[in-house]
Amino acid sequence: MRLTKLGHACWRLEKDGTTLVIDPGTFSGDSLLDGANAVLITHEHFDHIDTELLKTTSPDLEIWAPQAVIDQIGDIPAKVQAVRNGDTFTTAGFGVKVIGEWHALNHPDVPVVQNVGFLVDEEVFYPGDALTPPGIEIPTLLVPTNAPWMKASEMVGYLREVRPARAYSTHDGLLNEIGQKLVDNWLGMEADKQKADIRRIPVGDSVDVP
């Protein structure tokens, strides 16, 4: 499977000629859905979902998301299906398990929204905007590294709890070059400690996983 960082919190997963995109949000650039066969959306925040982009999708595209996301995007051409914690399904040749229910607390006055994580092919886990304990072995973790709802110690603690063989930074689009260097340093320290491949993938770059 090939993983490509498209921007901020958006990733493209490719295998056997099919393409799955996770969280194509407004912070992640253009052409996010080019060639996509299926889309997974973790929650309703605009940095993870671009409703105007979804209105232009093909009727053949499959979109899987929590009910709150479906309520927000309304009537679009794509095939849209609601998911919740514990669901399993296959889309575009990828096996997917849904893990998690709620977004991390962002602000005392802002309601907590639905947020699901996706485990793809028993290999790649993306928790969305939460540090959800997956409860199972995770070979490859897409780990949030910067957000209003988290601090560095929580990110490090999550890496130590999950202990993946590989972890790649996501949700880092708000960082300037200085912030990126800080994240690179923290991830590098943890990679040395855990003897694992833990790092930030630059936007547009790819990595292959088993």
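For the single chain, residues carry numbers from 1 onward in sequence order.
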Closest non-hydrogen contact found for G7 with S28 is O-OG, 2.7 Å

When you compare the side chain of M155 with that of L187, does any pair of heavy atoms fall below 4.5 Å? yes

d(K97 NZ, F118 CZ) to nearest 0.5 Å is 13.5 Å

For T4, the side chain to side chain contact (heavy atoms under 4.5 Å, CB included) test, sequence neighbours excluded, returns R2, L6, R12, E14, S206

Would you check if the side chain of K15 reaches a backbone N or O of F94 as a donor-acceptor pair within less than 3.5 Å? no

Evaluate the criterion side chain to side chain contact (heavy atoms under 4.5 Å, CB included) for residue pair D129 and V113; output intermediate values, then yes/no. CA-CA 10 Å; D129 277 12; V113 301; over 6 Å; no

Give the ring-plane orientation class for H8 versus H171, where under 30° counts as parallel, over 60° as perpendicular and anything between as tilted. tilted

Minimum heavy-atom separation for Q67 to A82, with atom names? OE1-CB, 3.4 Å

Counting only heavy atoms not in E154, do more than 12 fall under 6.0 Å of its CD? yes

Quick one: are L53 and D30 in side-chain contact, heavy atoms under 4.5 Å? no

Please step through side chain to side chain contact (heavy atoms under 4.5 Å, CB included) for the pair T51 and I76, ending with a clear verdict. CA-CA 9 Å; T51 54; I76 62 173; over 6 Å; no

Using the side chain to side chain contact (heavy atoms under 4.5 Å, CB included) rule, take Y126 and D23 through it: C-alpha gap first, then chi angles, then the decisive distance, then the call. CA-CA 10 Å; Y126 183 23; D23 280 4; 3.5 Å; yes

Same hydrophobic cluster for L20 and V209, using side-chain heavy-atom links shorter than 4.5 Å among ILVMFWY? yes

For the side chain of D50 and the backbone of T26, is there at least one donor-acceptor N/O pair under 3.5 Å apart? no

Any sub-3.5 Å donor-acceptor pair from Y158's side-chain atoms to P144's backbone N or O? no

E137, CD: over 12 other non-hydrogen atoms inside 6.0 angstrom: no

What about I63 and F89, same hydrophobic cluster or not, with Ile/Leu/Val/Met/Phe/Trp/Tyr joined at side-chain heavy-atom distances under 4.5 Å? no

Hey, could you give me the CZ/CG distance between R200 and N185, rounded to the nearest 0.5 Å? 12.0 Å

Using modelled atom types and a 3.5 Å cut-off, is there a donor and acceptor pairing between side-chain atoms of D192 and backbone atoms of M189? no

Taking G100's backbone N and O only, do any of them form a donor-acceptor pair with N85's side chain (distance below 3.5 Å, no angle check)? yes

Close side-chain approach of D172 to K5, heavy-atom, < 4.5 Å: yes

Across all chains, not counting sequence neighbours, the side-chain hydrogen bond (donor to acceptor under 3.5 Å, both in side chains) partners of Q194 are E190

Ignoring hydrogens and angles, tell me if any N or O in the side chain of Q114 forms a donor-acceptor pair with the backbone of P66 under 3.5 Å. no

Rounded to the nearest 0.5 Å, what's the gap from CG on D197 to OH on Y168? Could you check? 3.5 Å

Do V207 and R199 touch side chain to side chain, with heavy atoms closer than 4.5 Å? yes

Considering all heavy atoms, the nearest D34-S31 contact: OD2-CB, 3.1 Å

If you take all heavy atoms of A104 and W149, which pair is closest and at what distance? CB-CE3, 3.4 Å

So which of I49, N115, V83 actually passes side chain to side chain contact (heavy atoms under 4.5 Å, CB included) with T42? N115

Between V120 and the options L40, L3, T91, the side chain to side chain contact (heavy atoms under 4.5 Å, CB included) test singles out L40

Between OG1 of T90 and CG of D121, what distance do you get to the nearest 0.5 Å? 8.5 Å

When clusters are formed by joining ILVMFWY residues with side-chain heavy atoms under 4.5 Å apart, either directly or through shared neighbours, do M1 and I201 land in the same one? yes

Give the ring-plane orientation class for H43 versus H103, where under 30° counts as parallel, over 60° as perpendicular and anything between as tilted. perpendicular

Honestly curious: do V143 and L175 fall in one hydrophobic cluster under the side-chain, below-4.5 Å linking rule? yes

Look up atom CG in L141 and atom CZ in R163, then write down how far apart they are to the nearest 0.5 Å. 12.5 Å

N106 and P148 have their tightest heavy-atom pair at OD1-CB, 3.4 Å

Hey, what do you get for CH2 (W64) to CD1 (I22), rounding to the nearest 0.5 Å? 14.0 Å

In the single-linkage hydrophobic clustering (I, L, V, M, F, W, Y; side-chain heavy atoms under 4.5 Å), do L142 and V203 co-cluster? no

Could you list the residues that satisfy salt bridge (Lys or Arg N to Asp or Glu O under 4.0 Å) with E62, not counting sequence neighbours? none

Restricting to non-hydrogen atoms, name the atom on V183 and the atom on S169 that form the minimum distance, rounded to 0.1 Å. CG1-OG, 4.2 Å

